[in-house]
There are 4 protein chains.
Amino acid sequence: MKKVCLVLGAGAGIGGTVGKRFAREGYHTVLCRRSDEDGLKRLVVEIKDTGGSATGRIINAADEGSIEELVADVEANIGPIEVVLFNLGAQIGNRALGDTSYKVFELGWRLATFALFRIASCVFPLMEARGTGTLLVTSATAAVRGNAGQHSHAAAMGGRRMLCQTLNAEFASKGIHVAHVLIDGAVDAPDTLGKMLGPENFAKLREAKGSEHDGLLVPEHMAETYFHLAQQHRSAWTHELDLRAYSDLAWFNHAPKLV
Amino acid sequence: MKKVCLVLGAGAGIGGTVGKRFAREGYHTVLCRRSDEDGLKRLVVEIKDTGGSATGRIINAADEGSIEELVADVEANIGPIEVVLFNLGAQIGNRALGDTSYKVFELGWRLATFALFRIASCVFPLMEARGTGTLLVTSATAAVRGNAGQHSHAAAMGGRRMLCQTLNAEFASKGIHVAHVLIDGAVDAPDTLGKMLGPENFAKLREAKGSEHDGLLVPEHMAETYFHLAQQHRSAWTHELDLRAYSDLAWFNHAPKLV
Amino acid sequence: MKKVCLVLGAGAGIGGTVGKRFAREGYHTVLCRRSDEDGLKRLVVEIKDTGGSATGRIINAADEGSIEELVADVEANIGPIEVVLFNLGAQIGNRALGDTSYKVFELGWRLATFALFRIASCVFPLMEARGTGTLLVTSATAAVRGNAGQHSHAAAMGGRRMLCQTLNAEFASKGIHVAHVLIDGAVDAPDTLGKMLGPENFAKLREAKGSEHDGLLVPEHMAETYFHLAQQHRSAWTHELDLRAYSDLAWFNHAPKLV
Amino acid sequence: MKKVCLVLGAGAGIGGTVGKRFAREGYHTVLCRRSDEDGLKRLVVEIKDTGGSATGRIINAADEGSIEELVADVEANIGPIEVVLFNLGAQIGNRALGDTSYKVFELGWRLATFALFRIASCVFPLMEARGTGTLLVTSATAAVRGNAGQHSHAAAMGGRRMLCQTLNAEFASKGIHVAHVLIDGAVDAPDTLGKMLGPENFAKLREAKGSEHDGLLVPEHMAETYFHLAQQHRSAWTHELDLRAYSDLAWFNHAPKLV
């Protein structure tokens, strides 16, 4: 049985691309996403066509039991999960408090915080028994500062980050590497940013900041760092790092003004 | 109608004591807690006996509609809510991941994060219309760092802190002061620490670090800072501060060692 | 002998105003600044005219021995220093790396970091022997994030903040309260902001954001919080807090945009 | 002319080892340290023996003009500096305030903060003109929190970190990648930790936590991450990350206790 890299949130951006990167190195990659079965199939085919090994799954991570059954199934029928990429997002754009329903707020937490708790609860006992494992968590600026309109997203991501720290504090010494990857900028990803902006605005943004100018975070390049994290020797692990395009200001910087 | 200070989580520690502090200054204080009706009555009587004005309510903030009805009722029948002290805790002691059920994790979020979102959703439109209001949020070390065993607590408190920031970012300029009070140490509070430790251990701790030595955070003294925050002029508001006993190390400090 | 409040950096903004606040409460206030002897005299006269007690000193804190002699002199001839307000600034406006000379960079450190180390080295042994004392440190956004053009200022303020933490870690349990006050915004202060902007621009800024609109930090209101910090009971001390005008965004917030 | 990797602080630990890593990839590595000319020669020979290219220099970075002349000389006579590893330390062990002289405090700043400002002032204009360059900065826990006894070290490292942020804010968009590498633990390095502990204690520590147990940070493994940072594509740069051994608690974690 091949070692498995399990990707939750395997769209055409970070998730699918990091999945392909691990597949290239010999991992069997299990790609999971909520919708777009065709897109998922294309990813799997792409991996197989280049000599890799992959499986696609449509699951709704918010559903009760979904993650739990997935883990049990993969471990029983595919192989031991060595790496998890937790890549579920909960960005819904900016919404004023009055436009953020209880339901939306709760869903943010279900996807961005609770689902991480669930996957760790399922997988960490297995990893602990094997003495090794890696959990790569895609995170966002909203995990370190709450901006206007980000009530749901920031609360969920702030919970995600603290959870990464509690997991690391309990499990690092047991051989499980938890890494919190703070994505501080727009990612060149049609499935997330593209959908949020709409095709026309996304095209404009790409033209202004995109591939030629390297002003958007490019999943292929981000994947190198995700993969590096999973290769770090246990004597020198990274728990938290940021990623942003060279042309962007860090979240804590503003365009200079006098004061 | 008197201006109202509404306290969610009005036990014999921070909540009740800060409530009394505001009552002393002429606020009608609405003290809410989940249980111990007798303790609640004693608090109300104590306030009235010293010339203050107060109401007690037993509510379970986790229940659907509970906070919403409370706010509507207070505004209709008592007076405009000028200050909210959000003092609901979610500390359950240290529990390993394997001992933290999904239910416990979710309850932590319901009390520590979602209830804050709910009270803000109810009260902020009223405060915004009046152009003024204060939300004082008791928070914990777990809001800024996740320690082992704190999975539920830290995830919930991390969400709480980010939510305070998103609320502040949207509402400060509308005249609503949001303050995140990071309590970094043990509070001399029989209803929370006392219950968690049990009577014998709590008595020991008090003897070792308590009133005589000022080694526990004393609610009467903490209340001065809570009250000060609510009195700050809008030209110089504090959004975040910490409180700890002089004899304690800060959360980010350790006893010195070589490296 | 009266208890003394010693102010380093006693201009017409925070320093002088906080000094007046302490004088009002019965402290003998020793006001020190580098220049503008007339302005200093006016401050002292103002305090005396309202029944307070004060002394003015012109010193250059960057000079060798200046702070050391001052402390020795005050302790010998005026009274025990109970409170120090360290209010020396090192803001020089935004300068690109190429426009920041070694000399300027070093001077920033001498005033903003090293002078704090010197005053603590002189005063803390005395406070420790007395079992009590307070060090209030005015700090800036640049202490928590480095922005473009702030090479000298941010490096000096970052050092200042870490030094406040090392001082607190060693001396809090000995009864010395160290508070780091992060001023996150423009202060309505003619001696600092006024000089940096020039009279015309400062007048414009005051008109746009100033007193009527409370959009600048007003020293009189800030002084209330400085004074509160010095009154906190040792069971509930604050080590770090921020101050900003209600209408300003926090340093970590930006005007909302999509990503 | 070969592309150059310039290492300031090239002892037998991080500096020398990262230098070897870059030499292995074809960089001409210029190794600089203050003392131990024999150790330096051994490093250079080791690199040459494995087919690499290197130069050794004894310089005292605290000396006026030393860094400036070094940069001019390397650029004129060896090749364009593409990567700088700034690895000067300023750790002097724990010293109480009363045992920290002004001289020691200033020296900490000269090595840990000012020397970084000087190398950036010299090299960045050259890198900017070439549109590319990397500055890797070894940093320490003391850059993010001040612990007792760390007055000199923390003030200097806090300044170092803020300076990395101001440099990044001004130069990232010009193609210069600044990375702040927070080393959060003891490094298996005879020249620094070894000297601080003395040979006997260092041997004991190595036996307890060292190579077999991976409980010390191992320079060979750390070097992989340093090298990875220098290879990141400009669309996805990391500005800050931490490194620690799996068996260590993060600086913000403590052994769990109740509160």
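Letters A, B, ... mirror the listed sequences (proteins, then strands); counts begin at 1.
- The shortest non-hydrogen separation linking Gln232(C) to Leu243(B) is NE2-CD2, 3.7 Å.
- The number of heavy-atom neighbours closer than 6.0 Å to CD of Glu207(C), taken from other residues, nucleotides and ligands shown, is 12 or below.
- Distance check: Tyr246(C) OH to Lys174(B) NZ gives 13.0 Å after rounding to the nearest 0.5 Å.
- The main-chain N or O of Ala245(C) is never found under 3.5 Å from a side-chain atom of Ser235(B) such that the two would form a donor-acceptor pair.
- The greatest number of non-hydrogen atom pairs below 4.5 Å with chain C, out of Asp188(B), Leu241(B), Asp214(B), is found for Asp214(B).
- Note that the CZ atom of Arg234(C) and the NE2 atom of His213(B) stand 9.5 Å from one another [nearest 0.5 Å].
- The NE2 atom of His228(B) lies 9.0 Å from the OG1 atom of Thr238(C); values are rounded to the nearest 0.5 Å.
- Highest contact tally toward chain B, considering only Thr225(C), Ile176(C), Asp184(C), is held by Thr225(C) [criterion: heavy-atom pairs under 4.5 Å].
- Taking each heavy atom of Asp242(B) and Glu240(C) in turn, the nearest pair found is OD1-N, 3.0 Å.
- Heavy atoms closer than 4.5 Å to chain B are found nowhere in Leu229(C), neither backbone nor side chain.
- For a residue to count as touching a neighbouring chain, one of its non-hydrogen atoms must lie under 4.5 Å from one of that chain's; by this rule His177(C) does not touch chain B.
- Taking the six-membered ring where tryptophan is involved, the planes of His239(C) and Phe252(B) are tilted, since the angle between them lies from 30° to 60°.
- For Glu224(C), the parts sitting under 4.5 Å from any heavy atom of chain B are the backbone and the side chain alike.
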